[in-house]
Amino acid sequence: MKNNLHVLLGATVADAAARPLHWVYDEKKLKSYIKGKKNTAFFNQNRSPFYSIKTGEVSGYNDVGQVMFNTLAK
């Protein structure tokens, strides 16, 4: 189980990096948000239409994943 910890770590970082663009499925809006940006991770401005949390924090989806991982590990 410990050998697979890197999978959870990668998912946690990816979730935090992409979180400001969660649930943005309108292609025109998404393109306008990332237009001219070299880096599309860890945006300062939230663009999610459903919730807002501080940039760099993980979403509720990742919270559930961490609880599941801890449960399986025990």
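- Considering CG of Asp63 and CE of Met68, their distance stands at 12.5 Å, rounded to 0.5 Å.
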Check against side-chain contact (heavy atoms from CB on, under 4.5 Å), Arg47 and Trp23: CA-CA 9 Å; Arg47 296 296 188 163; Trp23 294 96; over 6 Å; no
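- In this structure, Phe50 is not a member of the same hydrophobic cluster as Leu30, with clusters built from ILVMFWY side-chain heavy atoms closer than 4.5 Å.
- Nearest heavy-atom pair, Pro20 versus Ala16, reported as atom, atom and distance to 0.1 Å: CD-O, 3.9 Å.
- With hydrophobic clusters built from ILVMFWY side chains whose heavy atoms lie under 4.5 angstrom apart, Tyr51 does not share a cluster with Val64.
- Inspection of the His22 and Tyr61 side chains reveals no N or O donor paired with an N or O acceptor under 3.5 Å.
- For Ser52 against Asn46, the heavy-atom pair with the smallest separation is CB-ND2, 3.5 Å.
- In this structure, the side chain of Asp15 does not engage the main chain of Val58 through any donor-acceptor pair within 3.5 Å.
- Atom CZ in Phe42 sits 12.0 Å away from atom CG in Leu21 (nearest 0.5 Å).
- Contact of the Tyr33 side chain with the Thr40 side chain is not registered, since no non-hydrogen atoms from C-beta on lie closer than 4.5 Å.
- Transitive grouping of hydrophobic side chains (ILVMFWY, heavy atoms separated by less than 4.5 Å) brings Ile34 and Val24 into a common cluster.
- Lys38 is linked by a salt bridge (charged side-chain N to carboxylate O under 4.0 Å, His left out) to nothing, counting only residues two or more places apart in sequence or in another chain.
- Between the side chains of Asn70 and Gln66, no donor-acceptor pair of N or O atoms lies under 3.5 Å.
- Of the possible donor and acceptor atoms, one in the side chain of Arg19 sits under 3.5 Å from a partner among the backbone N and O of Ile53.
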